[in-house]
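Read the numbers this way: they start at 1 and go in the same order the structure lists the ligands and their atoms. Position 1 is the first residue of the sequence, and the numbers go up from there.
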Amino acid sequence: MHRILFITLEFSAATFSGNGVYAQSQVRSLTQLPETEVLVLSAKPCGHTGSSQAWGAQLLELEVSRWGSLDASAPFDEFASKAGGSTVRQKVAEFDPSVCLFVDWSSLPAWEAVRPSLTRGIPAIYCNYRVFSRTETGEGLELVRRLEAESMEKSAATVVLSASDRDYLLQNVSRCAASDSGKQSPCHVLLCALREELNSLPPPPDLGPLDFIQIQGMKASNGLICQAGSPGMAALEGMAEHELSHSCECPSSGGLTTASSPSPAQLFQTGRPYLTCCVRLAREKEPERFVALVEQLAKDGSLQRHGLTPVLVGATNDSFAQGIKLRLQSAAPRSILIERFMGPQELATEVFSRTRLNVHPCTYDAFGMTIVEAASMGAPSIVHSHPGAVGAADLLQASNHEVVLENLAAEPPTLASRVVALLDDGDKILLVARRAAVRARSWTEARNALELLHIIKQATACSA
Ligand SMILES: *[C@@H]1O[C@H](CO)[C@@H](O)[C@H](O)[C@H]1NC(C)=O
Ligand SMILES: *[C@@H]1O[C@H](CO)[C@@H](O)[C@H](O)[C@H]1NC(C)=O
């Protein structure tokens with residue numbers, strides 16, 4: 001029996017970032033596991049009304065006076081002092097957790113505040129959704145780096161969303177000397193999960209059937225997609241990988257068409273007019289890189305030639321966001337701006353299923369959940385090429401043509417010419433679309449929860 005105490009500042013009340021979305025996803029999937037109970041300790045803004053989703057867990061919400069940020073200005077101190085109150089401590093003691101999962105540095109003080117109420121020592125697992133000391137500046141940096149280092153020291157395991165975050169924590173945050181490495185909490189990489197609700201949506205028809213066999217290590221450059229049930233398929237089963245890559249006789253993406261009907265690549269192109277960008281319109285997401293690309297594509301006539309409509313999804317409306325929107329509209333007056341908050345399902349059906357290319361503009365992102373959401377709908381993404389820049393590229397692999405890497409920091413004309421070359425190659429875009437969809441749909445909340453459970457078991461065994 002696992003009794004999990006899950007501590008996170010942001011959860012289902014007044015969710016404002018991917019952290020809250022991902023925390024709910026993890027809790028929802030953990031409560032689906034057999035023999036598992038979850039108590040969530042989270043914050044909510046003072047005066048927030050309306051019921052919160054508990055996703056099968058018990059939920060304790062503590063009111064805080066500040067809201068809307070997770071950086072050094074987050075209400076981590078208030079959250080901790082409320083968590084130390086006698087009622088909360090009593091409820092946590094009654095729940096009698098066997099393990100604590102806490103999200104980010106901002107939940108560590110709350111964990112420390114409730115811990116003394118427990119009658120037995122239990123292991124903690126530090127769930128790092130984002131390495132804040134990578135982007136924090138000024139006075140906040142010292143605070144965040146100290147609490148991130150303590151979070152690692154005081155946990156049996158640290159879980160991150162990308163290999164690059166793991167390397168950063170080990171090299172620049174952890175205070176354990178190399179000689180001391182026995183004491184260091186093991187750092188695990190957990191991929192971000194695709195929500196089951198997206199997995200249950202049918203893939204768009206322009207992708208064709210997706211139940212083809214994914215052949216690991218097969219050279220993607222031959223452009224072959226092996227469809228289950230296709231003539232050569234039964235014969236392929238049981239063959240060694242290297243044999244497969246030579247003898248696969250499955251149709252290529254254009255192989256089944258006749259001259260008179262449009263090719264799958266053409267169908268994909270006509271059904272998908274959107275050039276999409278979907279990030280919070282904040283500086284650290286660098287949406288101006290998308291706008292600069294659109295400016296260039298508009299100037300040289302590529303938008304029109306390819307029948308593309310730029311779409312910008314972003315609910316923020318501060319002065320920075322307004323500047324981005326204005327600039328986009330003046331570059332391409334027919335762009336679509338979506339200014340309300342869109343849930344994953346709405347994004348999938350209204351935006352990503354009509355997206356030919358999704359541009360994820362930032363040069364660092366701990367994960368970038370919308371890349372995987374786009375992928376599940378067959379919208380290929382362009383992400384920054386610097387190794388480890390974007391966590392989702394650990395899941396969607398460029399070497400297997402599941403995502404396209406480009407240097408997004410290049411001058412706009414250079415980047416635009418690369419994008420145009422890709423747009424001109426309809427077969428390549430369709431290949432990436434299909435492979436991205438298969439990969440995204442293979443990593444579900446349920447798989448994510450099993451992986452997390454495995455880490456919990458290891459941590460429990462180590463500290464027993
Ligand atoms: C550690 O920080 C330095 C300076 O910011 C950076 O150049 C380096 O890449 C970081 N190490 C890792 C593994 O990310
Ligand atoms: C964003 O702010 C501008 C300027 O104040 C305003 O005109 C516009 O309606 C706002 N948009 C939304 C979606 O609130």
Quick one: do [X] and [Y] make a salt bridge, cutoff under 4.0 Å?
X    : Y    : answer
D77  : K82  : no
E402 : R435 : no
K154 : E112 : yes

Is the closest side-chain heavy-atom distance between L108 and E150 below 4.5 Å?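 Result yes, sub-4.5 Å side-chain heavy-atom pair found.
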Side-chain H-bond candidate by donor/acceptor type, R130 with N19, under 3.5 Å: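 Result is no, nothing qualifies.
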Residue Q322 vicinity, atoms of ligand 2 by number, heavy atom under 4.0 Å: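 Close to Q322: 1 (C), 2 (O), 3 (C), 4 (C), 5 (O).
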State which residues pass side-chain hydrogen bond (donor to acceptor under 3.5 Å, both in side chains) with R441; sequence neighbours excluded, sorted by chain then number.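 Expected list: none.
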For side-chain contact (heavy atoms from CB on, under 4.5 Å), just list the numbers for T276 and F352, CA-CA rounded to whole Å, side-chain angles, deciding distance to a tenth of an Å, and then say yes or no. CA-CA 8 Å; T276 302; F352 289 140; 4.1 Å; yes
Under-4.0 Å heavy-atom contact with ligand 2, by part of R340 that carries it: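 Within the 4.0 Å criterion, R340 makes no contact with ligand 2.
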Protein residues that have a heavy atom under 4.0 Å from any atom of ligand 1, sorted by chain and number: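 The 4.0 Å shell around ligand 1 contains D167, Y168, Q171, N172.
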